[in-house]
Every structure is written in C-alpha cells, then in structure tokens.
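What you see below is based on every heavy atom in this structure, not just the backbone, and it leaves out hydrogens, waters and symmetry mates.
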Amino acid sequence: MIPLFNIFSRLKDRIPFFTIGGFPSPVQRLDGLCGLTGNKNLFVKKDDLCGTLYGGNKVRKLEFLLGDALANNYKHVITSGAAGSNHARATATYASVAHLKCTLMLFDQPTSSTVQKNLLADIIHNSSIFIDPSYESHRRHLEDVIETITEKELQAPYIIPAGGSSTVGSIGFVNAGFELADQIARGELPRPDSIFVTLGTMGTVAGLVLGLKASGISCKVHAVRVVADFVGNFDKCIILTEKTNKLLHDNDPAFPILSFSENDLIVYGNYFGNGYAIPTPEGERFIELISKSDTIELDSVYTGKCGAAFYDYVTNAGNKETVLFWNTKSSHEEPSLETPCNPESLPVSIRKYFT
Ligand SMILES: *Cc1c(COP(=O)(O)O)cnc(C)c1O
C-alpha cells in the first residue's frame with residue numbers, strides 16, 4: 001500500500017494507480033559532501049533508482065497518469081516534450097509495460113548523447129514519434145495528430161501534458177511527501193529543514209509542497225528553476241499545488257485544504273543561465289564535485305543546476321541546517337549507442353540527431 005493511501009484510505013478506491021515500483025526510494029547521507037562542508041546533515045533522496053526500466057522523477061507521476069488512463073479504458077496515450085525529453089522516454093517505456101500505445105509529439109532541440117539515448121529508448125519501446133521544428137509548430141501538429149488517432153481508433157488518446165505535470169501527475173509527489181515522512185519516522189534521516197529540487201514543468205515541486213505539508217513535515221522546498229520564468233514560477237506552482245489539493249480533498253474530505261506561502265516554497269531563478277538545456281559553469285562544477293565526493297552522477301540540464309544552488313546554500317558559513325537534495329534524474333542503465341547506430345535504420349525525422 002502506498003503511503004498516501006495508507007493515511008487517506010478513501011483515496012485508494014477513488015484515485016487509480018498503476019504500480020511501476022522501486023519505492024520507497026532510498027535516502028542516503030552525502031558523506032563526501034558532509035566531509036567537505038563540515039555539515040553532517042546533508043542527504044540525498046535517490047529517485048534516480050526508482051522504476052524497473054527507467055528511473056527519475058517522471059516515474060511517480062506516471063504511476064497516477066497511466067493508472068488514470070487504464071481505469072478510464074484508454075488504449076493510447078499521447079504526450080509532448082523536447083526531442084530528448086526524459087518524460088517522453090519514461091512515458092514510452094511504461095506505456096509499453098501497461099500495454100498502451102504511445103505517441104510522442106516532440107520538438108527540436110540541439111542533439112547530445114542524452115538526446116540520442118532517450119530517442120533510442122523511445123524507439124525500442126515502440127512509440128510513434130513526430131518531431132516538429134519548433135514548439136509552435138508542435139502545438140498545431142498535436143491537434144491534428146489527436147484528431148487522426150481519434151478517427152482511426154474511434155477513441156481519443158489519453159493526453160498527458162509535457163512533463164506529466166497535471167494535477168493527477170502531481171499526486172505522485174504528494175505521495176512522495178508521505179513517503180519521506182515515513183522515512184523520517186523510521187529514523188532513516190532527521191527531518192530536513194530544507195529540500196532542494198529542480199523546477200521544470202512544476203509537477204514535482206507542486207506535489208511535494210503539498211505532500212510535505214499534508215504529512216505534517218514543516219520543511220521548506222527550494223525549487224531551482226531550469227526553464228524560462230513564464231514556464232515555471234512561484235505563482236504557477238502554488239496554483240498547481242492548490243488544484244491538486246482540491247482534487248484530493250474532493251475525493252477524500254479527510255484530506256485537508258491547506259494554504260501555502262513563501263515559508264513553504266522559494267523559487268531560485270539565478271541558476272538558470274542562458275537557457276533550457278544550456279549548461280552553466282557552476283552547474284558543471286557541482287556535477288564534477290559530487291561525482292568525486294559521493295559518486296553521484298548528475299546531468300547538465302536539470303540536476304546540475306539545482307546542485308549548484310544546493311552547494312551555495314550548504315557552504316554558506318554558519319548554515320547548520322539539515323538539507324536534502326532530491327535527485328530527479330534516472331541512473332538506470334542506458335541503451336547502448338553502438339547497436340542501432342546505422343543512421344539508415346532510424347526513422348528519417350530522427351536521423352539528424354545521430355549524425
Ligand atoms: C523533468 C525533470 C525535472 C523537472 O521536473 P518537473 O516536474 O517537470 O518540474 C527535473 N529533473 C529531471 C532529471 C527531469 O527529467
């Protein structure tokens with residue numbers, strides 16, 4: 001039984017759930033970083049290890065999104081993201097496990113080895129892939145593809161928003177708050193004063209803020225923005241938190257309606273750098289440091305930037321807080337880039353990412 005349903009038993013019968021597994025994700029003391037900073041209370045939450053085939057933060061959202069799709073008899077899911085989207089890959093992977101067809105509506109981004117690996121995984125899991133040159137053309141194309149699928153299959157596909165960040169997806173991170181509360185109660189870590197987590201499409205942060213408060217942990221979420229300000233910001237996050245709160249309250253009145261303020265969430269904009277997926281020097285420095293101190297592998301797009309903010313915070317003189325770094329990246333084994341890399345064998349729209 002998942003921690004959220006354990007406490008709010010009416011939700012169990014009313015909120016569909018598809019088990020992907022690997023929870024609770026472990027918490028660990030960051031011994032190396034503790035040594036470097038002299039603060040013994042630095043921890044990591046290892047969501048990188050969750051999931052059977054692919055990990056990271058999208059798994060928690062997909063347990064509720066795919067559950068919702070299956071419970072409502074959908075046969076096909078469709079979602080959006082950049083060409084090398086971790087969310088698209090996670091959706092392709094676990095839709096195939098759930099025996100749902102999957103269509104990925106992607107838009108162009110500069111290629112990298114991560115983009116290549118994620119695209120290969122999308123192909124391996126038999127998703128249908130469309131890649132548009134820009135976000136705007138992607139939006140228009142999305143409408144057309146939804147219509148085509150609906151006509152052909154006589155049923156609309158289940159639409160998962162980019163990043164899986166709907167109220168339903170965010171419940172995954174409400175549950176994560178309850179999971180952490182259980183780990184604190186079991187003595188696996190002290191109650192953190194602060195949690196550092198990456199802010200993208202916001203479902204992770206919005207759910208976590210709600211889950212922490214509802215489970216009675218008073219703890220501040222430090223959200224490090226890695227997308228443009230109009231995509232993810234404090235006000236939009238709180239709106240998603242409140243909508244998710246209402247959804248849970250409507251399904252189980254025992255789940256309280258809560259209110260949120262600057263004491264619950266702070267959003268940092270100053271680690272974003274020059275744009276989405278453009279590395280920053282301080283992010284790259286932290287990636288190097290934590291890989292040596294604690295053998296933790298982070299990425300340049302999301303967790304490295306968040307790590308840079310976390311590092312500045314914990315090296316601030318006189319700061320003796322207990323601080324938890326939430327690792328949202330997958331560290332499962334990657335598909336080998338050698339095998340299918342005959343570009344001729346790849347769908348035409350995808351070839352350019354491999355040359
Ligand atoms: C998607 C993603 C995020 C951002 O999470 P959101 O819920 O979209 O804000 C953070 N880290 C990694 C590695 C991701 O793939």
- Task: Go through Leu298 and Ile296 one step at a time and tell me if the side-chain contact (heavy atoms from CB on, under 4.5 Å) criterion holds.
- Result: CA-CA 6 Å; Leu298 300 181; Ile296 288 178; 3.7 Å; yes
Are [Y] and [X] linked, directly or through intermediate hydrophobic residues, by side-chain heavy-atom contacts shorter than 4.5 Å (ILVMFWY only)?
X: Val221; Y: Val174; result: yes
X: Leu180; Y: Leu4; result: yes
X: Val77; Y: Val168; result: yes
X: Val301; Y: Ile290; result: no
X: Leu247; Y: Phe173; result: yes

As an exercise, state the distance from [atom1] of [X] to [atom2] of [Y], rounded to the nearest 0.5 Å.
X: Thr148; Y: Glu143; atom1: OG1; atom2: CD; value: 11.0 Å
X: Ile239; Y: Thr244; atom1: CD1; atom2: OG1; value: 11.5 Å
X: Lys329; Y: Cys306; atom1: NZ; atom2: SG; value: 14.0 Å
X: Leu100; Y: Leu66; atom1: CG; atom2: CG; value: 6.0 Å
X: Leu265; Y: Ile195; atom1: CG; atom2: CD1; value: 11.5 Å
X: Ser137; Y: Asp108; atom1: OG; atom2: CG; value: 9.0 Å

- Item | Test applied, side chain to side chain donor-acceptor pair (under 3.5 Å); reference residue, Asp132; option that passes from Arg140, His138, His141 |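 The side chain to side chain donor-acceptor pair (under 3.5 Å) with Asp132 is passed solely by His141 among Arg140, His138, His141.
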Least distance between heavy atoms, [X] atom then [Y] atom:
X: Lys213; Y: Ser259; answer: NZ-O, 2.9 Å
X: Ile20; Y: Glu63; answer: N-OE2, 2.7 Å
X: Gly273; Y: Thr280; answer: CA-CG2, 3.6 Å
X: Val205; Y: Ala223; answer: CG2-CB, 3.8 Å
X: Leu199; Y: Cys237; answer: CD1-SG, 3.5 Å

- Query: Would Ile149 and Ile78 count as a side-chain contact (heavy atoms from CB on, under 4.5 Å) if you check the C-alpha gap in whole Å, the side-chain angles of each, and the deciding distance to 0.1 Å?
  - Reply: CA-CA 10 Å; Ile149 293 171; Ile78 186 166; 4.3 Å; yes
- Item | Check: Glu188 and Arg29 side chains under 4.5 Å, non-hydrogen atoms |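 Answer no - side chains too far apart.
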- For atom NZ of Lys12, decide whether the heavy atoms of other residues, nucleotides or ligands shown that lie under 6.0 angstrom number more than 12.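 For Lys12, atom NZ is not crowded (no more than 12 foreign heavy atoms under 6.0 Å).
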- Query: Got more than 12 heavy atoms from elsewhere within 6.0 Å of CG, Asp13?
  - Reply: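 Yes, enclosed.
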Under the criterion side-chain contact (heavy atoms from CB on, under 4.5 Å), which of [options] is the partner of [X]?
X: Phe255; options: Asp250, Ile7, Leu210; answer: Leu210
X: Thr328; options: Thr303, Asp299, Asp47; answer: Thr303
X: Ser293; options: Asp31, Leu30, Leu36; answer: Leu36

Please check this pair: side chain of [X] against backbone of [Y], looking for a donor-acceptor N/O pair closer than 3.5 Å.
X: Asn245; Y: Pro256; result: yes
X: Glu297; Y: Ser291; result: no
X: Thr111; Y: Tyr353; result: yes
X: Asn233; Y: Asp229; result: yes
X: Thr37; Y: Asn39; result: yes

- Task: Go through the steps to decide whether Lys101 and Lys75 satisfy the test side-chain contact (heavy atoms from CB on, under 4.5 Å), and finish with yes or no.
- Result: CA-CA 6 Å; Lys101 283 189 207 165; Lys75 305 287 185 289; over 6 Å; no
For the residue pair [X] and [Y], confirm or rule out a side-chain donor-acceptor distance under 3.5 Å.
X: Tyr158; Y: Asn72; value: no
X: Ser165; Y: Lys61; value: yes
X: Gln183; Y: Lys45; value: yes
X: Ser300; Y: Glu284; value: yes
X: His76; Y: Gln155; value: no

According to the interplanar angle, ranging from 0 to 90°, do the rings of [X] and [Y] count as parallel (below 30°), tilted (30 to 60°) or perpendicular (above 60°)?
X: Phe178; Y: Phe8; value: perpendicular
X: Phe196; Y: Tyr268; value: tilted
X: Phe286; Y: Tyr311; value: tilted

- Task: Determine, step by step, whether Phe17 and Phe64 satisfy the ring-ring contact (aromatic ring centres under 6.0 Å, His included) criterion, reporting the C-alpha distance in whole Å, the side-chain angles of both residues, the deciding distance to 0.1 Å, and the verdict.
- Result: CA-CA 5 Å; Phe17 181 77; Phe64 288 91; 5.1 Å; yes
- Show your working on side-chain contact (heavy atoms from CB on, under 4.5 Å) between Leu248 and Ile171 and close with a plain yes or no. CA-CA 8 Å; Leu248 291 171; Ile171 300 172; 4.0 Å; yes
- Message: Does the Lys NZ or Arg CZ of Lys58 fall within the cation-pi geometry relative to Tyr302 - under 6.0 Å from the ring centre and within 45° of the axis?
- Response: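 Judged by the rule, Lys58 and Tyr302 form a cation-pi pair.
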- Does the ring center of Tyr135 lie less than 6.0 Å from the ring center of Phe107?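 Yes, they do, as the ring centres are separated by less than 6.0 Å.
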- Message: Less than 6.0 angstrom separating the ring centers of Tyr313 and His222, yes or no?
- Response: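 Between His222 and Tyr313, which both carry aromatic rings, the centre distance is below 6.0 Å.
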- Message: Under a 4.0 Å threshold between the charged nitrogen and the carboxylate oxygen, would Asp294 count as salt-bridged to Lys292?
- Response: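 A salt bridge is absent here (no side-chain N lies under 4.0 Å from a carboxylate O).
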- Is a salt bridge present between Asp122 and Lys117, judged by a nitrogen-to-oxygen distance below 4.0 Å?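 Result for this pair is no, no salt bridge flagged.
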